[in-house]
Amino acid sequence: MNQAEIIEQIIGPAIEEYNDANGEDLQLSPELPLFGKDSKIDSLGLVSLIVEIENLLSEKYDVSVSLADEKAMSQTKSPFKNVDSLSNYILQLINASVS
């Protein structure tokens, strides 16, 4: 699985679910802000999005990861800054779990 597949098959459907549940129209792109002052997603929305992504990873790829753990929170650059940083973080976690 590569970064483009993660964005298309995991993060994209999670963003669609978020949009449906919250009446939003966030457009999926690598630069879409997920966290911080430029994001339209509030903290509860981010938690919901993270849970949905974890569920999709488990259902589609049988991969069990915790995205909002101590490792994520202690990084200098947040993996939740935008779609690109989140997909990179997911790849890191998947690669670490396979090794």
Side-chain angles (χ1 to χ4, degrees):
M1 176 176 0
N2 63 38
Q3 185 178 7
E5 290 173 325
I6 288 173
I7 290 172
E8 182 180 318
Q9 297 177 11
I10 302 296
I11 299 176
I15 294 288
E16 289 175 16
E17 178 69 27
Y18 175 84
N19 283 339
D20 291 344
N22 295 285
E24 291 286 342
D25 188 27
L26 300 176
Q27 300 299 312
L28 181 64
S29 77
E31 296 82 27
L32 176 67
L34 301 175
F35 180 72
K37 65 179 178 143
D38 296 326
S39 177
K40 293 183 180 179
I41 302 172
D42 63 14
S43 57
L44 186 55
L46 181 61
V47 170
S48 298
L49 185 65
I50 290 168
V51 168
E52 181 64 19
I53 290 169
E54 289 173 345
N55 288 337
L56 288 169
L57 282 166
S58 178
E59 291 171 10
K60 289 188 175 192
Y61 295 103
D62 197 28
V63 173
S64 179
V65 295
S66 177
L67 296 175
D69 60 3
E70 185 177 320
K71 180 180 177 184
M73 300 307 166
S74 66
Q75 293 192 14
T76 307
K77 293 183 179 181
S78 172
F80 308 112
K81 179 181 179 186
N82 58 34
V83 168
D84 186 56
S85 61
L86 180 56
S87 61
N88 281 326
Y89 185 63
I90 291 169
L91 275 177
Q92 289 174 13
L93 292 177
I94 290 171
N95 290 333
S97 70
V98 172
S99 301

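Few gaps surround OH on Tyr18; more than 12 heavy atoms of other groups in view lie less than 6.0 Å from it. By the neighbour-count criterion of 12 heavy atoms within 6.0 Å, atom CG of Asp20 is densely surrounded, having more than that number from other residues, nucleotides or ligands.
Considering only heavy atoms from C-beta on, Asp84 comes within 4.5 Å of Gln3 through its side chain.
Heavy atoms only, all atoms of each residue included: Leu46 and Ile41 are closest at N-CG2, 3.3 Å. The shortest non-hydrogen separation linking Ile15 to Leu26 is CG2-O, 3.9 Å. Ile10 and Pro13 make their closest contact through O-CD, 3.5 Å (heavy atoms, listed as atom of the first residue, atom of the second, distance). Between Phe80 and Ala68, the shortest heavy-atom distance links the atoms CZ-CA, 4.2 Å. For the pair Leu93 and Ser66, the tightest heavy-atom approach, listed with the atom from each and the gap, is CD1-O, 4.0 Å. Residues Ser39 and Pro33 share a closest heavy-atom pair of OG-O, 3.3 Å.
Ser85 contributes a side-chain N or O that, together with a main-chain N or O of Asn82, makes up a donor-acceptor pair within less than 3.5 Å. Side-chain atoms of Glu5 come within 3.5 Å of backbone N or O of Asn2 as a donor-acceptor pair.
Note that CD of Gln75 is 13.0 Å distant from NZ of Lys81, once rounded to the nearest 0.5 Å. Interatomic distance, Phe35 CZ to Leu49 CG, rounded to the nearest 0.5 Å: 13.0 Å. Here the CD1-CG distance, from Ile7 to Asn88, works out to 8.0 Å after rounding to the nearest 0.5 Å. Distance CD1/Ile6 to CG/Leu91: 3.5 Å, rounded to 0.5 Å.
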side-chain contact (heavy atoms from CB on, under 4.5 Å) assessment of Ile94 paired with Tyr61: CA-CA 10 Å; Ile94 290 171; Tyr61 295 103; over 6 Å; no
Verdict with reasoning, Lys77 to Tyr89, per side-chain contact (heavy atoms from CB on, under 4.5 Å): CA-CA 11 Å; Lys77 293 183 179 181; Tyr89 185 63; over 6 Å; no
Should Ile90 and Val65 be marked as a side-chain contact (heavy atoms from CB on, under 4.5 Å) after you check the CA-CA gap, both sets of side-chain angles, and the distance that decides it?
CA-CA 8 Å; Ile90 291 169; Val65 295; 5.7 Å; no
If you look only at distance, which donor and acceptor atoms sit under 3.5 Å apart when one is on a side chain in residues 53-60 and the other is two or more places apart or in another chain?
from	atom 1	to	atom 2	distance (Å)
Glu54	OE2	Leu67	N	2.7
Asn55	ND2	Val51	O	3.3
Lys60	NZ	Gln9	O	3.0

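Under the 4.5 Å side-chain heavy-atom criterion for grouping Ile, Leu, Val, Met, Phe, Trp and Tyr, Leu34 is not connected to Leu44 through any hydrophobic cluster.
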